[in-house]
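Written out below as structure tokens is the structure these notes cover.
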There are 4 protein chains.
Amino acid sequence: MPSQNASRANDNARTDAKAPRREKGRARVAALLEAAGVEFAEKGFDAATMTSIAARAGASIGSLYQFFPTKDVLANALLETYLATLIGEFERLRELAPALDAAALAHRLAPALIAFRAAHPAFAPLVETPGRSLPAAAGVRQRLRREIAAVLSAKAPRMKAAHALVCAAVVQQLMKAAIAIHGETSFTHRAAVIDELERVMASYLETALGGLAPNSETISGV
Amino acid sequence: MPSQNASRANDNARTDAKAPRREKGRARVAALLEAAGVEFAEKGFDAATMTSIAARAGASIGSLYQFFPTKDVLANALLETYLATLIGEFERLRELAPALDAAALAHRLAPALIAFRAAHPAFAPLVETPGRSLPAAAGVRQRLRREIAAVLSAKAPRMKAAHALVCAAVVQQLMKAAIAIHGETSFTHRAAVIDELERVMASYLETALGGLAPNSETISGV
Amino acid sequence: MPSQNASRANDNARTDAKAPRREKGRARVAALLEAAGVEFAEKGFDAATMTSIAARAGASIGSLYQFFPTKDVLANALLETYLATLIGEFERLRELAPALDAAALAHRLAPALIAFRAAHPAFAPLVETPGRSLPAAAGVRQRLRREIAAVLSAKAPRMKAAHALVCAAVVQQLMKAAIAIHGETSFTHRAAVIDELERVMASYLETALGGLAPNSETISGV
Amino acid sequence: MPSQNASRANDNARTDAKAPRREKGRARVAALLEAAGVEFAEKGFDAATMTSIAARAGASIGSLYQFFPTKDVLANALLETYLATLIGEFERLRELAPALDAAALAHRLAPALIAFRAAHPAFAPLVETPGRSLPAAAGVRQRLRREIAAVLSAKAPRMKAAHALVCAAVVQQLMKAAIAIHGETSFTHRAAVIDELERVMASYLETALGGLAPNSETISGV
DNA sequence: GATGAATGAGCTTTCATTCAT
DNA sequence: GATGAATGAAAGCTCATTCAT
């Protein structure tokens with residue numbers, strides 16, 4: 001009597017992945033997550049099937065459900081691993097930021113995200129699938145925005161928090177723009193547009209962080 | 001004893017909506033498209049069901065299939081109507097463009113698209129649903145880009161076609177960015193970010209079209 | 001929110017029955033095949049419904065599809081089991097053949113097939129249903145013809161392969177004729193006609209195999 | 001509230017085709033019957049659809065139902081026209097019969113039916129479709145058998161009616177055999193088998209009608 | 001822990017037939 | 001008579017989830 005799609009309230013149901021106890025279990029979970037990544041990337045969240053994911057991982061469905069009690073939980077767990085590595089990336093960038101000027105920073109940000117997406121093609125469909133209600137998906141954008149803001153703050157410590165968040169939002173959107181163009185493989189002027197976007201970001205950062213940067217000796221005001 | 005499925009010859013599969021021939025049919029089709037719009041907007045393409053769409057339109061499921069032989073065709077037909085009105089919007093803008101300066105143009109573009117999306121909330125999910133193969137969905141971005149390029153060319157006739165397309169791509173992405181932020185209703189600094197994006201677009205247009213505008217008397221520079 | 005139908009990638013469509021791995025599964029499959037046999041026999045391939053077959057077997061529809069991913073596959077699997085037993089029958093006959101004269105052989109062939117059809121009433125409708133494309137249905141006639149040819153060759157080893165195949169075809173048709181008449185229950189002279197057909201077959205075999213039989217001591221020639 | 005499949009009892013429903021009143025109507029009916037023939041031949045009775053038949057005939061469904069209130073009625077009407085021409089064929093043969101010897105008769109019978117089937121490819125599927133309950137389909141075999149018996153009686157007037165029917169049944173089956181082989185286009189030895197079958201029929205007729213023929217001066221002997 | 005059979009609501013789609021225009 | 005829209009039962013098939021072994 002399963003209710004095909006129990007996205008919502010479900011009382012005593014686990015909403016988190018179960019941590020494996022043994023070494024073998026850890027390998028299983030890794031294989032399952034990887035398989036899920038491939039499946040979600042290929043078909044999107046809705047069309048992906050638990051059976052197919054298990055098959056890809058060389059496991060039985062029962063085994064899959066042992067660790068991930070729900071399709072949503074599985075997607076969520078996958079998203080969390082992605083998020084962890086992504087945040088790591090930004091943390092590294094945060095340390096570098098003070099030493100970079102606006103152009104250099106712009107030249108790092110978009111490519112970082114593009115590379116990440118290429119390495120984890122299931123990230124986008126999972127974040128964008130409508131109507132999914134698990135915690136992770138919901139806040140991804142916010143969390144990334146905060147990471148970006150942290151990078152900007154690292155570079156311009158005197159900037160107010162609110163302003164940093166606004167800047168971060170703009171930067172985030174410019175990054176998304178670059179990714180979107182990157183994905184349009186049949187578009188002839190792809191490279192040119194990405195360059196242009198990077199220049200836009202550089203000039204925006206210059207303006208926004210300009211006089212606030214720790215290493216700025218120039219007169220603010222641009 | 002109808003053989004429900006395709007065991008047999010399955011050639012002449014229609015892939016387009018059937019045009020109604022009677023007045024009543026015309027009304028039906030309109031009601032169905034509207035209902036589809038609501039359903040797709042609420043649930044996205046995958047989760048939307050044909051049964052529910054028919055019900056919303058006060059039609060029987062058979063009636064729905066009389067005009068739209070598959071869910072894909074239905075989505076596609078809907079998308080085409082959206083596209084038609086959207087293109088109309090850009091055509092109007094094209095006529096206005098020569099009289100506007102960069103800032104004014106920027107101030108028109110994003111809001112136009114935001115308003116359109118608000119009026120047709122099913123547009124986004126349909127365009128973004130992965131893996132749908134009908135013609136309309138595929139080329140929407142390109143077609144819109146061309147429209148934007150046409151607007152830019154109207155304003156700066158001396159601009160080369162290729163460059164107009166690159167600019168258009170940047171502008172398109174900035175518009176999408178504005179929409180995305182507009183949709184994040186829980187984000188405190190929404191309005192500020194949208195303003196900022198508009199300023200970015202204005203400055204980008206200034207730089208990109210600057211000396212090429214028909215009404216420019218200043219020295220180009222670029 | 002599973003995407004019920006094939007909007008998306010639809011590669012790995014299985015086209016064969018899944019073999020059960022557990023004892024319980026084996027029982028299920030047997031029950032399902034038997035139920036399918038009854039249903040197909042009663043209604044023919046087209047009018048038979050998967051739901052009804054599942055119900056007859058006391059299984060859920062899902063259970064049926066677990067093992068037989070389409071109606072065609074199910075029909076095919078059933079046909080294969082029939083074919084296996086039928087071929088077994090002919091193999092037994094092959095061993096007996098050398099010891100039988102033409103009349104005795106004729107007296108065995110048709111009744112064998114009649115008995116088989118009576119025991120497996122779904123065989124005929126499945127073989128004759130037009131337009132089904134699964135492998136088994138296609139070649140049934142050929143395979144049976146080869147079996148008959150083998151029996152004839154066993155009796156008349158000196159016969160050329162091509163000739164054996166021609167004879168086999170004639171014999172096969174005479175068998176089918178007997179079956180057809182056997183099935184016309186309202187025909188008053190059924191028995192007489194079947195007798196007559198048997199005599200025709202006997203005389204045909206006499207002529208065709210006559211001098212070639214291993215036990216023939218008469219002058220060949222005919 | 002149509003009951004999808006009302007093959008059976010349906011009270012006051014018409015079970016016969018309505019005769020067209022005007023000239024135009026007659027053309028319509030002819031076109032519809034022809035279209036039905038094509039559709040049934042291509043897909044078989046079950047998979048054929050009324051909509052498609054109407055379309056093939058360049059008519060609307062409404063128009064189709066004006067003349068044929070049911071799919072069964074349509075099939076039946078078609079079958080009747082086929083039967084009429086087929087019976088005409090046998091009547092011609094009946095006149096020729098007395099002048100032909102057994103071999104010549106055999107040489108006429110099978111080819112006649114083969115030609116007929118080639119000209120009317122929908123005949124077979126309609127006659128063989130299981131479970132259809134309309135009058136025509138049911139008795140086709142009997143009627144044809146009677147026609148064949150009439151031909152035989154014309155040749156051998158002294159034969160008893162019952163015996164003629166038995167012979168007719170055998171001949172009928174041999175004809176069906178020839179047709180079946182004729183249809184197996186991929187069978188290398190087709191022609192040889194058909195020849196063989198004809199010889200079998202000739203020899204059978206010789207034996208069965210032998211001494212009873214009006215022109216026979218030979219000793220009967222059977 | 002692993003396995004794979006079982007479940008059934010629910011989805012898309014079909015089509016014979018009716019009937020207002 | 002012709003047309004074509006309307007109807008809805010019913011079919012094939014899917015898949016998240018459960019659970020006995």
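So that the names make sense, note that chain A is the first sequence line, chain B the second, and so on, each numbered from 1. Values below: every heavy atom of this structure, side chains too, minus hydrogens, waters and symmetry copies.
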Are the side chains of [X] and [Y] in touch, meaning some heavy atoms are under 4.5 Å apart?
X	Y	result
A:Asn76	A:Phe68	no
A:Leu33	A:Leu74	yes
A:Ile53	A:Phe40	yes
A:Arg28	A:Ser63	yes

Nearest to the side chain of [X], which nucleotide is it out of [options]?
X	options	answer
B:Thr70	E:dA16, E:dT3, E:dT13	E:dT13
B:Thr51	F:dT14, E:dT12, F:dA5	E:dT12
D:Lys71	E:dT17, F:dC13, E:dT13	E:dT17
A:Thr49	E:dT12, F:dC15, E:dA20	F:dC15
B:Met50	F:dC13, E:dT17, E:dT12	E:dT12

Self-check item: Side-chain donor or acceptor of B:Thr70 paired with backbone N/O of B:Val73 under 3.5 Å
Solution: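 Confirmed, B:Thr70 side chain pairs with B:Val73 backbone.
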
Rounded distance (Å) that lies between atom [atom2] of [N] and atom [atom1] of [X]:
X	N	atom1	atom2	value
C:Lys43	F:dA10	NZ	P	12 Å
B:Leu64	F:dG8	CG	P	14 Å
D:Asp72	E:dT17	CG	P	7 Å
C:Ile61	E:dA5	CD1	C1'	15 Å
A:Asp46	F:dA16	CG	C1'	13 Å
C:Arg26	E:dA6	CZ	P	12 Å
C:Phe68	E:dA6	CZ	P	12 Å
C:Glu23	E:dA6	CD	C1'	16 Å

Just to confirm, is there a sub-4.0 Å distance from OP1 or OP2 of [N] to any side-chain nitrogen or oxygen of [X]?
X	N	answer
B:Lys18	F:dA5	yes
C:Tyr65	F:dT14	no
B:Lys24	F:dA5	no

Quiz prompt | Nearest-nucleotide comparison on DNA chain F, the residue closer to the 5′ end among B:Arg22 and C:Arg22 | solution =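 Per heavy-atom nearest nucleotide, the more 5' residue is B:Arg22.
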
Quiz prompt | DNA chain E: 5'-proximal contact among C:Arg28 and B:Gln66 (nearest heavy atom) | solution =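 Residue closer to the 5' terminus by nearest nucleotide: C:Arg28.
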
Quiz item: Quick one: on DNA chain E, does B:Ser52 or C:Ser60 contact a more 5' nucleotide (nearest heavy atom)?
Solution: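 Nearest nucleotide further toward 5': that of C:Ser60.
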
Quiz prompt | Donor-acceptor pair present, C:Arg21 side chain and E:dT3 base, under 3.5 Å | solution =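 A donor-acceptor contact between them is absent.
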
Quiz prompt | More than 12 heavy atoms from other groups under 6.0 Å of CZ on C:Arg21 | solution =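 Not more than 12 within 6.0 Å, no.
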
Exercise. Please say whether more than 12 non-hydrogen atoms of neighbouring residues, nucleotides or ligands are located less than 6.0 Å from CD in C:Glu128.
Key: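 Enclosed: over 12 neighbouring heavy atoms sit under 6.0 Å from CD of C:Glu128.
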
Self-check item: Base-pair map of DNA chain E as dot-bracket, where | denotes pairing with a different strand and pairs are Watson-Crick or G-U under 3.5 Å
Solution: .||||||||||||||||||||

Practice problem: Could you tell me whether C:Ser63 contacts a base, only the sugar-phosphate backbone, or nothing, with contacts defined as non-hydrogen atoms closer than 4.0 Å? | Solution: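 Base contact.
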
Quiz item: Contact class for A:Ala48 (heavy atom, under 4.0 Å): base, sugar-phosphate, or nothing?
Solution: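 Sugar-phosphate, no base atom in range.
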
Quiz item: Does a salt bridge link B:Lys71 with B:Glu39, judged by any charged N lying under 4.0 Å from a carboxylate O?
Solution: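 Result for this pair is no, no salt bridge flagged.
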
